[in-house]
Colleague: 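The structure's right below; bear with me while I get my questions together.
Below, chain A is the first sequence line, B the second, and so on; all start at residue 1.
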There are 2 protein chains.
Amino acid sequence: MKTRLATFVKDKRKQAAMNQEDLSFAAGVGLRFVRDLEQGKPTLRMDKVNQVLNLFGYELGPVAQNRDEESQSSVSE
Amino acid sequence: MKTRLATFVKDKRKQAAMNQEDLSFAAGVGLRFVRDLEQGKPTLRMDKVNQVLNLFGYELGPVAQNRDEESQSSVSE
DNA sequence: CTCATTTATACCCTATAAGGTATAAATAAA
DNA sequence: TTTATTTATACCTTATAGGGTATAAATGAG
């Protein structure tokens, strides 16, 4: 499943013109981890996810279940 | 360290008049996990954290590092 | 103060996330 | 089409999170 988080990371990565390998290196996590993250694996460790999000000035936090945290566009309806 | 997430959960739990044991049972996670969560342990698994947040209508998501995601009331601004 | 409740720490075991390697499947450019 | 690049899956090992139990330290009521 493509979660909000997965989409967010993939999107930010594309914006930064990086491939998954670049990102994994920059974040200091394994390439496999970046892949799991972008595939929406739900059991990831928060600290590892944060290592990635920090690159983009973000971090994991509680968000209301329906709100669309200022990603940018999407939700067409 | 008391992270934003730790504070959020503890606060929501208090609001719901539950102790940690109640919360662990309601969320289907171990009591130890609730404790680690409220103590700000950084290496928690996202799925377990989400089991707790879901009780309050929240979930983990990317938030900008300095913003103070509405703790309880509303988004003022 | 004592006693009850709640929360925090420590020890231990089991299940599994992280990550490496290899491979396969897309995606894109020629 | 072929070939290169990127992304996805599978297998395996190692490190560790989750969680149970026990204990200790707070917190609070009397």
Colleague: Given atom CZ of B/Phe33 and atom P of D/dT16, what is their separation to the nearest angstrom?
Modeller: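 It is 18 Å, rounded to the nearest whole Å.
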Colleague: Could you list the residues that satisfy side chain to side chain contact (heavy atoms under 4.5 Å, CB included) with A/Arg35, not counting sequence neighbours?
Modeller: A/Gln20, A/Leu31
Colleague: Whole-Å distance between D/dG20 P and B/Phe25 CZ?
Modeller: 12 Å
Colleague: Under the criterion side chain to side chain contact (heavy atoms under 4.5 Å, CB included), I'd like the reasoning laid out for B/Asp47 against B/Asn50: C-alpha separation, chi angles, the key distance, then a yes or no.
Modeller: CA-CA 5 Å; B/Asp47 62 327; B/Asn50 279 325; 5.6 Å; no
Colleague: Could you work out how much the helix from C/dC1-D/dG30 to C/dA30-D/dT1 bends, comparing the axis of its first five pairs with that of its last five, to 10°?
Modeller: 60°
Colleague: Taking the side chain as every heavy atom from C-beta outward, state whether B/Leu44 and A/Arg45 have any pair of such atoms under 4.5 Å apart.
Modeller: no
Colleague: Whole angstrom is fine here: how far is it from CG in B/Leu31 over to C1' in D/dA17?
Modeller: 16 Å
Colleague: Does the pair A/Glu38/A/Lys2 count as a salt bridge with the N-to-O cut at 4.0 Å?
Modeller: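 No, A/Glu38 and A/Lys2 are not salt-bridged.
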Colleague: With side chain to side chain contact (heavy atoms under 4.5 Å, CB included) as the test, would you mind laying out the steps for B/Lys12 and B/Tyr58 before giving the verdict?
Modeller: CA-CA 11 Å; B/Lys12 282 290 185 184; B/Tyr58 282 75; 4.1 Å; yes
Colleague: Quick one: on DNA chain C, does B/Lys14 or B/Arg45 contact a more 5' nucleotide (nearest heavy atom)?
Modeller: B/Lys14
Colleague: Could you go through A/Leu23 and A/Val9, starting from their C-alpha distance and side-chain angles, then the distance that decides it, and tell me whether this counts as side chain to side chain contact (heavy atoms under 4.5 Å, CB included)?
Modeller: CA-CA 10 Å; A/Leu23 181 57; A/Val9 170; 4.0 Å; yes
Colleague: Decide side chain to side chain contact (heavy atoms under 4.5 Å, CB included) for A/Thr3 and A/Phe8; before the verdict, give the C-alpha distance in whole Å, the side-chain angles of both, and the deciding distance to 0.1 Å.
Modeller: CA-CA 8 Å; A/Thr3 64; A/Phe8 180 88; over 6 Å; no
Colleague: Is it the case that the side chains of B/Gln65 and A/Asn54 hold a donor-acceptor pair, with the cut-off being a distance below 3.5 Å and no angle test?
Modeller: yes
Colleague: Expressed in angstrom and rounded to an integer, what is the separation of B/Met46 atom CE from D/dG18 atom P?
Modeller: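 That distance rounds to 12 Å.
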Colleague: 5' to 3' on DNA chain C, which nucleotides open and close the contacts with chain B (atom under 4.0 Å from a heavy atom)?
Modeller: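 Terminal contacting nucleotides, 5' to 3': C/dT6 to C/dA17.
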Colleague: Would you say B/Asp11 and B/Gln15 are linked by a side-chain donor-acceptor pair, where the criterion is simply a distance under 3.5 Å?
Modeller: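 Per modelled atom types, B/Gln15 and B/Asp11 side chains form a pair under 3.5 Å.
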Colleague: Checking only heavy atoms, does the side chain of B/Arg32 share a donor-acceptor pair with the base of D/dG20 at less than 3.5 Å?
Modeller: yes
Colleague: What integer distance in Å separates A/Leu44:CG from D/dT16:C1'?
Modeller: 15 Å
Colleague: Atom CG of B/Asp47 and atom P of D/dG18: how far apart are they, to the nearest Å?
Modeller: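 Computing the B/Asp47:CG to D/dG18:P distance gives 8 Å.
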